Number of protein chains: 2
Amino acid sequence: MLHTARTAFQADADKGQVLPVDTILVGDCVSHMNALPAGSVDLIFADPPYNLQLEQGLTRPDQSRVDAVDDDWDKFESFAHYDVFTRAWLTAARRVLKPDGAIWVIGSYHNIFRVGSALQDLDYWLLNDIVWRKANPMPNFRGTRFTNAHETLIWAARGQRSRVTFNYEAMKLANDETQMRSDWLFPICTGAERLKDGNDEKVHPTQKPEALLFRILNATTRPGDVVLDPFFGTGTTGAVAKKLGRHFIGIEREDAYVAAALKRIAAIKPGAREAVAVTTPKRKETKVPFGSLIEQGLIAPGTQLFDAQKRFSAMVRADGSLVSGPHQGSIHKVGALVQGAESCNGWMFWHHDLDGRIVPIDEMRSSIRAQLDLLSA
Amino acid sequence: MLHTARTAFQADADKGQVLPVDTILVGDCVSHMNALPAGSVDLIFADPPYNLQLEQGLTRPDQSRVDAVDDDWDKFESFAHYDVFTRAWLTAARRVLKPDGAIWVIGSYHNIFRVGSALQDLDYWLLNDIVWRKANPMPNFRGTRFTNAHETLIWAARGQRSRVTFNYEAMKLANDETQMRSDWLFPICTGAERLKDGNDEKVHPTQKPEALLFRILNATTRPGDVVLDPFFGTGTTGAVAKKLGRHFIGIEREDAYVAAALKRIAAIKPGAREAVAVTTPKRKETKVPFGSLIEQGLIAPGTQLFDAQKRFSAMVRADGSLVSGPHQGSIHKVGALVQGAESCNGWMFWHHDLDGRIVPIDEMRSSIRAQLDLLSA
DNA sequence: CCTGTCTTTGAATCTCCCG
DNA sequence: TCGGGAGATTCAAAGACAG
């Protein structure tokens with residue numbers, strides 16, 4: 001009994017995938033995930049229900065907390081039940097992930113320790129725990145605890161050897177040139193972004209801010225990737241995916257949420273290709289071997305290179321190798337050998353004299369690379 | 001085979017307790033805790049092994065080696081072994097706690113989910129999870145993940161009905177008259193506070209800053225309370241307890257740590273609280289990186305920016321980078337590149353059109369900063 | 001004595017491609 | 001699947017030291 005609510009938007013539909021992409025699947029997330037092809041999804045973002053214990057306590061008719069929560073068996077039953085639920089959906093999620101896929105799960109102290117343990121037990125590989133620091137948390141009205149001012153996210157790979165997507169350069173330059181840390185500051189979802197129903201009441205109790213998903217998708221997906229959200233709610237994941245030129249698959253049980261999400265996502269203009277392109281990482285740049293600098297006449301055989309402090313020097317040979325005393329080999333190997341280091345990036349280590357300016361040979365590589373990129377464009 | 005290393009200091013000895021107070025017990029913490037009277041301790045602070053599972057050495061980009069935690073006490077065969085260890089000491093700990101007692105445990109994503117789940121399973125009652133944001137964390141040298149910039153603490157009561165100590169007013173006072181939040185900012189332990197041996201090497205690989213223990217003991221104990229630390233290490237808990245007029249019981253297996261802790265604590269004058277000013281880090285100006293303007297919807301991907309004279313333009317991409325012709329990178333880098341300058345303050349260089357008015361993007365930063373500061377005040 | 005520069009270091013599950 | 005080599009990668013704080 002699996003329903004599908006298709007959104008008007010379906011970007012890149014000619015991709016020919018069998019995946020029900022840019023779509024909301026209505027019903028239980030485990031059943032729906034098990035119906036999807038294995039190894040087909042790049043990223044999962046999940047905002048699962050928090051611990052059942054709280055709901056149970058609140059819905060008791062007599063409100064007597066005394067027998068309810070103090071009994072060992074009750075508590076054990078409750079956590080055990082939550083664990084069964086958690087392991088079920090995490091198992092189904094792992095099946096649909098590509099080998100190099102990854103998952104994000106958000107939670108609070110009520111449930112995040114169960115989730116984290118389950119991830120580890122199911123052979124996911126934890127990459128980071130991330131703290132969402134709320135700029136405007138709800139105060140602790142009774143003054144009995146610290147203000148609960150954060151939620152925790154876990155970022156985990158499908159397995160230990162998964163080579164997950166991480167747009168390191170993009171994160172770094174968006175953070176004013178220093179590495180993005182594990183503590184993120186965002187306001188909670190309020191104002192115009194918060195979905196309201198006809199009675200001006202919030203549609204969903206825990207709608208997440210788009211800024212949070214924006215950072216997550218920017219950091220750990222590429223344009224065109226498929227992002228699955230098994231607890232879709234009012235569709236924040238889908239909304240941000242559409243804005244960023246990613247595909248989404250939402251799964252949600254509640255019809256009211258599905259309706260709100262469909263309306264919300266339909267109103268969004270998909271992101272333009274150039275605007276959502278990801279900064280090219282160094283590792284993916286056009287490869288320029290050292291020998292081509294010599295071949296193209298940028299550096300003459302016999303030229304002396306040295307390190308920034310001029311402690312070491314080496315001579316360039318016509319075949320693209322370096323010689324320094326007894327050492328010979330690639331720019332990297334000789335750089336490592338003269339320092340007695342395990343390894344060395346010769347492009348940054350070796351310098352030459354350019355009109356009196358001491359510059360790393362990497363500058364010559366950059367100019368050749370720019371030339372090559374221009375030609376191939 | 002339980003040894004005791006008594007410190008010279010023993011405050012309030014006339015209290016007539018059978019507890020071995022202001023003392024370090026040398027040996028296994030479970031055995032020692034089981035030898036203590038049940039229901040006798042007000043608070044436990046525990047910094048257990050994190051089970052880091054490091055596989056290979058790590059070098060910084062300058063080829064220097066990172067001094068990793070490779071001690072035997074941090075090695076466990078599997079999560080199952082770690083869980084057995086965790087449940088054993090948490091069970092013993094719960095027995096020695098007074099009915100209204102509480103526990104603090106600190107950890108990282110490697111172990112904290114195991115600890116949190118165990119606490120819940122053993123009928124502790126979670127009160128808060130607290131994030132220690134490190135002012136100066138170690139960077140991620142390989143550029144493969146987010147900088148691991150925090151550790152997590154769990155504060156839990158012995159049971160759901162425990163009426164634990166929480167000095168709400170003191171915390172509020174210490175936090176400029178607003179409730180103390182669940183995210184705390186402290187530098188890591190370095191400099192004069194970090195204990196060094198004869199070879200000028202650190203005595204303990206993971207010594208915690210005293211400021212952290214100051215806040216914990218100030219928040220959740222009263223003067224004269226007994227604080228037990230089953231993984232005493234070099235005795236930060238004991239040192240701070242003595243300064244704050246609390247009693248401590250330390251348990252530690254390694255003789256070298258015990259010796260260092262004894263010497264350290266002996267040198268402290270009890271209760272001389274003013275003498276050791278707690279570093280309450282002043283709130284720095286809220287950092288607003290360029291990427292957050294996009295994440296928070298103040299500037300749309302695809303927007304064109306230009307300089308004041310409109311000689312250059314660039315497009316904002318969703319990942320926080322700018323593109324201008326062949327150049328891509330941060331607002332600062334692209335600003336410098338288009339001008340052929342060495343450097344550039346992108347915040348002042350790049351402008352956008354705000355209702356016909358040409359304003360530097362720095363104005364948006366100012367407004368978002370004001371908003372965030374308002375929210376968090 | 002102050003100021004600026006250089007050096008050191010910290011709980012870390014820290015690469016990728018090709019043959 | 002494994003081994004070897006190319007080549008990519010760091011931030012804040014404190015101390016040492018020079019001027």
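No experiment lies behind these values; they were computed from the predicted model shown. Each chain gets a letter, A, B and so on, in the order the sequences are listed, and its residues count up from 1.
Closest heavy-atom contact between Ile294(A) and Gly320(A): CD1-CA, 3.5 Å. Taking every heavy atom of both residues into account, Leu126(B) and Tyr109(A) meet most closely at CD1-O, 3.6 Å.
Met180(A) has its CE atom 17 Å from the P atom of dT9(D), to the nearest Å. Counting to the nearest Å, the C1' atom of dT15(C) and the CG atom of Asp100(A) are 13 Å from each other.
At least one side-chain nitrogen or oxygen of Lys172(A) sits closer than 4.0 Å to the OP1 or OP2 atom of dT10(D). A sub-4.0 Å separation between OP1 or OP2 of dT9(C) and a side-chain N or O of Lys202(B) is absent. Not one side-chain nitrogen or oxygen of Asn148(B) sits closer than 4.0 Å to the OP1 or OP2 atom of dA12(C). The phosphate of dG7(D) has OP1 or OP2 within less than 4.0 Å of a side-chain N or O from His332(A). Note on Arg145(B): every side-chain N or O is 4.0 Å or more away from OP1 and OP2 of dT15(C). Checking the phosphate oxygens (OP1, OP2) of dT9(C), no side-chain nitrogen or oxygen of Arg194(B) falls inside 4.0 Å. The side chain of Gln56(B) places an N or O atom within less than 4.0 Å of a non-bridging phosphate oxygen (OP1 or OP2) of dT15(C).
Checked against dA11(C), dA12(C), dC14(C), the side chain of Met138(B) finds its nearest nucleotide in dA12(C). Counting only heavy atoms from C-beta on, Arg283(A) has its side chain closest to dA8(D) among dA8(D), dT10(D), dA11(C). Out of dT9(C), dT9(D), dA6(D), the shortest distance to the side chain of Ser330(A) is found at dA6(D). Nearest nucleotide to the side chain of Thr144(B), out of dA8(D), dC14(C), dG10(C): dC14(C). The listed nucleotides are dA8(D), dC14(C), dT10(D); the one nearest the side chain of Asn345(A) is dA8(D).
Counting only N and O atoms by type, the side chains of His150(A) and Asp129(B) include a donor and acceptor under 3.5 Å apart. In this model, a donor atom of one side chain and an acceptor atom of the other lie less than 3.5 Å apart for Gln179(A) and Thr147(B).
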Item to check | Audit row: Gln160(A), Gln53(B), side-chain hydrogen bond (donor to acceptor under 3.5 Å, both in side chains) steps and yes/no | outcome: CA-CA 12 Å; Gln160(A) 187 178 354; Gln53(B) 306 169 29; over 6 Å; no

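Comparing Gln63(B) and Arg181(A) along DNA chain D, the residue whose closest nucleotide (by nearest heavy atom) sits nearer the 5' end is Gln63(B). Comparing Ser64(B) and Ala68(B) against DNA chain C, the residue whose closest nucleotide sits nearer the 5' end is Ser64(B). Heavy-atom nearest nucleotides on DNA chain D were determined for Thr178(A) and for Arg365(A), and the one closer to the 5' end corresponds to Arg365(A).
The partner of dA18(D), taking Watson-Crick or G-U wobble pairs whose two distances both stay under 3.5 Å, is dT3(C). The pairing partner recorded for dG3(D) is dC18(C), the criterion being a Watson-Crick or G-U wobble arrangement whose two distances lie under 3.5 angstrom. Within the shown strands, nothing qualifies as a pairing partner of dA8(D) under the Watson-Crick or G-U definition with both distances less than 3.5 Å. Under the Watson-Crick or G-U wobble criterion, with both distances below 3.5 Å, dA11(C) has no partner in any strand shown.
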